[in-house]
Structure formats: C-alpha cells, structure tokens
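Predicted, not measured: the structure shown is a model, and the values here were computed from it. Numbered from 1 within each chain, the chains take letters A, B, ... in sequence-line order.
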4 protein chains.
Amino acid sequence: MSKKQDIMVATLDLIHEEGLQSVTFSKIFKRANVGSGTIYNYFVNKEEIVHAVYKEARLHMGEYLVQGFIPEASLYERFKRLQLNRLQFGIDFPKEYLFIDSFSFSPYISPEVRNMDDAHNSRDVVLSVIIEGQKNGIFKEMESHLCHQLIHGIITSILKGYYVQKYPLNEIQIQQILEASWKAILV
Amino acid sequence: MSKKQDIMVATLDLIHEEGLQSVTFSKIFKRANVGSGTIYNYFVNKEEIVHAVYKEARLHMGEYLVQGFIPEASLYERFKRLQLNRLQFGIDFPKEYLFIDSFSFSPYISPEVRNMDDAHNSRDVVLSVIIEGQKNGIFKEMESHLCHQLIHGIITSILKGYYVQKYPLNEIQIQQILEASWKAILV
Amino acid sequence: MSKKQDIMVATLDLIHEEGLQSVTFSKIFKRANVGSGTIYNYFVNKEEIVHAVYKEARLHMGEYLVQGFIPEASLYERFKRLQLNRLQFGIDFPKEYLFIDSFSFSPYISPEVRNMDDAHNSRDVVLSVIIEGQKNGIFKEMESHLCHQLIHGIITSILKGYYVQKYPLNEIQIQQILEASWKAILV
Amino acid sequence: MSKKQDIMVATLDLIHEEGLQSVTFSKIFKRANVGSGTIYNYFVNKEEIVHAVYKEARLHMGEYLVQGFIPEASLYERFKRLQLNRLQFGIDFPKEYLFIDSFSFSPYISPEVRNMDDAHNSRDVVLSVIIEGQKNGIFKEMESHLCHQLIHGIITSILKGYYVQKYPLNEIQIQQILEASWKAILV
DNA sequence: GATGAATGAGTATTCATTCAT
DNA sequence: GATGAATGAATACTCATTCAT
C-alpha cells in the first residue's frame, strides 16, 4: 500500500475512534507509520486529507448503493434494493458511513465536495424512484428531497442505534426496517 | 442567572453556532462574561461542561416528552402525543435537540451519560407504549429498542430538513408526520 | 521591568547578535525568561514585536538627534550638531542604530511604521537645514531627500566600519567625519 | 552553464528579489531547475552557497574596480577612476553590489570571508592612492581605512537612492558625485 | 552525477489550566 | 467566589538534509 493510502486509512480510523475534532497530525503520523513531513508530499494541509478521505468514501458508497439494482424490477423491489444497499453499506463499513453522515453536514466541508457527483449517479437513481412512485400515486406527495432525506434518516438512525449495540441487525430486523421505511412514505 | 448557568448557556450557544469542535474556553469566557478562572469553580474541565450541558438538555427534553401524556388515553392517542411532543421540542429548542442528537452518538460521550435516566423515565414511557402495541397485535413484532429508534429517526430526519428550511412545519405537515410514523410500525 | 519590556529588550539583543532572520520565538522566550504563551498577552505575533521594538528605537533616536540643537546657531553649527548627534547615537546605541538602518529598508516593515513621525520631527529639522543651505547657495543644488540620504549614508557607512572594528572613533576622527560630510555637499 | 553556476545564479537572484532571510532551498531548486539533492554535490549547506555567491561577487567587483586604472596617471585621475569604477559596477550589477554591501556587515558572514583578498588586490590599490594623497598633503590626514570607508559610503548612498529611482545617474550627475567625494577628503 | 520521496527537528501559534491577588 | 496574567504542552506546518535509485 502506498504512503498516501496509509495516511488516508489512518485518518479514517482515527476519525472513527476519536472523532474529527481530536484527529491530530501527530496521531496520523504515528498510526500511518510515516514521517511528519511525508504528508505534505501528498496533501497540502489537513483539510485536504479529510476531503480526500471523504471523496473516497463517497465514491465507495455510491458504487455500493446501486449494486444489484435492476431498472426493470418493480418499484417495490427497486425501493427495497436501494434501502437494503444503504443499510448493508452502513453495516459493512461503519467508519465510512458515519464519517460521510457527520461530515456532510459539518461546517468544514467545502461546497464543491459536498455536491460532488456520486459514482453511478446513485443519488439520482434514488430520486427517480421516489418521483416515479409519487407520479403513480403510490408514495405520498411531498418534496422529493424531503422524502429522500426521510428514508435516509430512518436508515441512519437505525444504524446509529446498531453501532452503539442497542440491538442486532440480522435478516429479520433488516426486512422489518425495509418494510417500515416503505410504509412510512406510502399514501 | 448564576455564573454557572451563564457558562452553560454560552457553551450550548457556541456549540450550536460553531460546532463542538471549535468551542474553546476563551470563547466561552467571553460569551459568558466571566473571568477565565471562574469556570474552575464549577467544572473540573471542558468535558465536564459539555456533559453538564448535555444532561440538562436531556432532562429538559425528558420533561417535555411526557407533557400532556395521559396513561388512560388510547394507544393511538398516547403514541401521537409522544411523537408530537418530540417534534414540538425539536421545533421549540433546536439547539438542545441537535446537540442531544449529535452528542449521543459521538465518541466523546461517556456510556454512563448516554444511558442516563431521563426525567420522568420518558424513555420507559415510550418503550412501554411500543411493547403494549406489540402485545395487542397493533404494532409489528420487532425489538422494542429498534422500533424506538425507528420512530425517533423519522422525527429527527424531518426536523433536520426543517432546520435548514427545506419546508415549513405547520399543523397539516405535523399531522402527516405523526400519521406516517404510526403507519411505519403498524403490522 | 515589565514582561513586555523584557521581551522587547531580548528581541533587540537577539536581532543584533544573530540577525532578524534567525530570531525565533523560543530564543526570545529563553532570553526574556518568560513562558512561550506570555508573548501573546502583549503582541499578536512576531511581526508586532519587531515593529514595537523598531518604533521604540526610532523614538529614542529621534529624541537624541535634536539634543542640543539651537535653531539660532549658524548653519554650519546646526549641520554639525545634527551629524554629530547621529554619529554619537550610532556609537552609543549600536543595536538600535543597526536595526533601524536594516529594518527601514527591509520588505518586512509596514509602510505606516516606516513613515511614522519621529520624535521632535527630527527628520524635518534635518531637511530644513539642507533646504536653507541650498537656498543660501552654500549647499549644492540637488533633490533634498537625496542630499539627506547622502549625509546619512556617510555616517552609516562610517559606523558600519567602526562596528566591525576597522578603526576607532575618537574626538579627532569624529571631527574629520563631520568636516568631510559638510564639504561633500558644499557647492 | 554548469549546475553549480545555475544554483549560484538562482541564489543571487532570489536574495535580490526576496531578501536573504526568505531564500529557501526549495526556492533555489525550483529556480535553478535542479533536483533537491543536486546541491549537495557542490555545497555542504546553505551557508556555503551564500558564501560562494559572495566570494564570486567580490571577485567580480574586484576585477571591475581596477579596470582602466593607470598607475602612472595623476592622483586625481586615479582617484576618479576608482570611484567611477565602483559607481559603474553598482549601476551595472545592482544585485551583486547590494548583496555585497548588506552581507559584508551582517552577522552571518565569517570574518575570514569578509577579509578575503579581492581580485588584483583592489582594496590595496585604493588604500595606496589614499595614503599617497595624504603623504603629498592633498588629502586630509585620517586613518586610511576610515577614509576608504568614507568615500565608499558616498558611492553606496548615491547608488541606493538610484536603485529606488529617486534620480537618474547620467554623465553629469556622475561627474558631480566624483567631484563631491574628492572634495570630501581634501585638506 | 542527478534525482526527489522521505524524513524529523524546528517554527509560530493556540489554548486549557494554574495561582497569586 | 471571582479574576486574568502567566504558563507550557500540544498543534499544524516548514524546510534543510539524507539516501536509495
């Protein structure tokens, strides 16, 4: 693994363990096993590292979200696939998921990074499913971004409880959650 | 207002305005109009202040959540009352609500504070409503904490959109949300 | 002596010994016997310290330059008094003199500080003597600031040789220098 | 041009543009278009480069100073030739002249470099002219190094004003200056 | 000889904390 | 109890220097 990757991995780990606010350069150096000056061969400052880690995580999640998505499947199937993928990503990559969630709304993120394109336009895929459902009279009429946020919010909330070990997330729970989020936005 | 209260109010305001990570002691001193040494008469360090603010906010919210809660009312009425109270608290006290949400799942909170008892055991009240609904075959069978988290997640989601002024929250929208969260967990 | 004075004295000493470029904060702390944070109670940054030291030195020199200056004395007497005072200041306060000379033309000085008023308007006193001499046909016609610079340049040059111990500066040498600078600008 | 020359030229240019204190190795590398390690094939450290540049400039100036110097010419002719050469060198090579002037009296120069022999013993040539003039009763009796410094000081003063474009230096001004410096040291 | 990635000691500055008043 | 001057450990970042290629 390259030094650059070492640095990014160490940074994400530290953000997860201690929170963005307590990630210091000296912690990154030690964790990544590089000299203190080495970082500056790859990043101009700390902000850059965090943004690079964020972009990578966003791309990773973007790819994950559309895995197995079949445009021809029923609305219900497509909806559940998208929600499942998000939930599964959160389960498999808690560090990435939490970091994306917290950093996306932090004052430290630059606008262009927050509004970056996701891999495979995953955001647009979700939005188009919502809009289709509303057009067909299946989903409640509401601003599509609000609806988007609502179904994300449920997943995020559930994951946060899971991360602090309030409950397990097995096949059964997962199906219950997908069902609940579907019903929450039905007419 | 006591110096201690001045300090706590200033701290919550600053957390809301600039985020936990950029709140420094000197900002607190200036905002609270106290000398730099004064804090140490009340708190042993910064962590203590934040925890104290968190506890107070949790107690405040705990009281609020059970306002007008009538144990004898119907399940539906009681459920809606609890969800309404939470939503209303978030509308009336955005600083408290957001801070509780973010701090509860941050790496900085100590487990015993996260799991503190709420005023009036509000958490237990909510949980008992959920369990009752499940016993009566009205709510889907699922781990009660999962269910709890799910209906909170919907409220939190909606509030975050409201805070960034994506939409208003009037009587109509509020009733729709309560309805949606009720339907999300019906069998 | 106040901490602030300690810091300024230490700074001037270090500039003299090692040059502006190698004066570091840690050297200042140690020399001044103060904690590293103490400086920031008095100066917002290093630039401020250097400017404060410069201003003080300029004020000191400004007072010195007009000592014993008698407006009613002959042009020759007044000219020699001004040149003597400058030379004597350089002999008595080499640290101040060298620092003023080098910093005045450095790219680090702010314009407002470079153009600050000297104590007793000593610069104007010198210029008016030059202009008077030119009007009376005693001094060569040339741009007054150029003439000013020329007679300063002689003193500065002589002092720099003296500082590196090329020669002594006793009563005899001093009179020779005053005489030479007078003759250099005669018609 | 050799890499070594590239490095020295870049260094002098940078000193002139930004001042000795802000010349860093990385600026030199980039300006000279050499790899960062290359310097160490020629110089053991930064101090070495600066001293090498200084020595070269001194040699260059030393040669220039005695150009067209005719030992058999009259004292007046020889004096004017030396002063003219110095002035002309300053006009033609401002970077070298200013660097020599500032570095000669800086705390960074080592004594042996400051007292190095000039090309063609130009310093001795000047001194011998001074001494001859004093023996013949033409120049005032004063310490020869003091006299040397004095006539240099006038040239340096004039050049500094010229560099900041206070005035032009054409044939006429040049003759006035040579005349003034001659008169300054006459008995 | 020439290179530039890697290094770590050193820099200015911040900030929680102490303590004499 | 209340204060704020003084502190120094810790921070982000720079830069001369090394060394494997």
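- Of all heavy-atom pairs between C:Ile28 and C:Ala10, the closest is O-CB, 4.2 Å.
- Ring centers of A:Phe103 and A:Phe99: under 6.0 Å apart, within the cut-off.
- Residues A:Val34 and A:Thr38 approach most closely at CB-CB, 4.1 Å, considering heavy atoms.
- Atom CD of D:Glu48 is separated from atom P of F:dA16 by 15 Å (rounded to the nearest Å).
- C:Phe25 and C:Tyr40 have tilted rings, their planes meeting at an angle from 30° to 60° on a 0 to 90° scale.
- For DNA chain E, the neighbouring residues in residues 36-47 of chain D, judged by any heavy atom under 4.0 Å, are D:Ser36, D:Gly37, D:Thr38, D:Asn41, D:Tyr42.
- Taking 4.0 angstrom as the limit, B:Lys3 places a side-chain polar atom (N or O) nearer than this to OP1 or OP2 of F:dT3.
- Taking atom NZ on C:Lys30 and atom C1' on E:dG10, their separation rounds to 10 Å, with Å as the unit.
- Within 4.0 Å (heavy atoms only), A:Phe29 reaches no atom of the nucleic acid at all.
- In this entry the distance linking CG of A:Asp6 with P of E:dT7 reads 10 Å, nearest Å.
- In this structure, the CZ atom of B:Phe25 is 19 Å from the P atom of F:dG8, given to the nearest Å.
- With sequence neighbours left out, B:Lys55 forms a side chain to side chain donor-acceptor pair (under 3.5 Å) with no residue at all.
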TODO: For DNA chain F, produce a single dot-bracket line, 5' to 3'. Pairs: Watson-Crick or G-U wobble, both distances under 3.5 Å. Symbols: ( ) within strand, [ ] crossing, | other strand, . unpaired.
DONE: .||||||||||||||||||||

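- Atom CD1 of C:Ile28 is separated from atom C1' of E:dG10 by 15 Å (rounded to the nearest Å).
- Geometrically, C:Lys160 does not engage C:Tyr97 in a cation-pi contact, judged by NZ or CZ lying under 6.0 Å from the ring centre and within 45° of the ring axis.
- Distance D:Ile7 CD1 to F:dA16 P: 14 Å, rounded to the nearest Å.
- Salt bridge status for C:Arg31 with C:Asp6: absent, with no side-chain N to carboxylate O gap under 4.0 Å.
- Residues D:His51 and D:Tyr108 place their aromatic rings such that the two centres sit no closer than 6.0 Å.
- F:dG8 atom P lies 11 Å from atom CG of C:Asn33, rounded to whole Å.
- A salt bridge is defined here as a Lys NZ or Arg NE, NH1 or NH2 lying under 4.0 Å from an Asp or Glu carboxylate O, and C:Glu18 with C:Lys27 meets this definition.
- Position along DNA chain F of the nearest nucleotide to B:Val34 versus D:Ser26 favours B:Val34 as the more 5'-ward residue.
- Computed from coordinates, the A:Leu20 CG to F:dA12 P distance equals 11 Å when rounded to whole Å.
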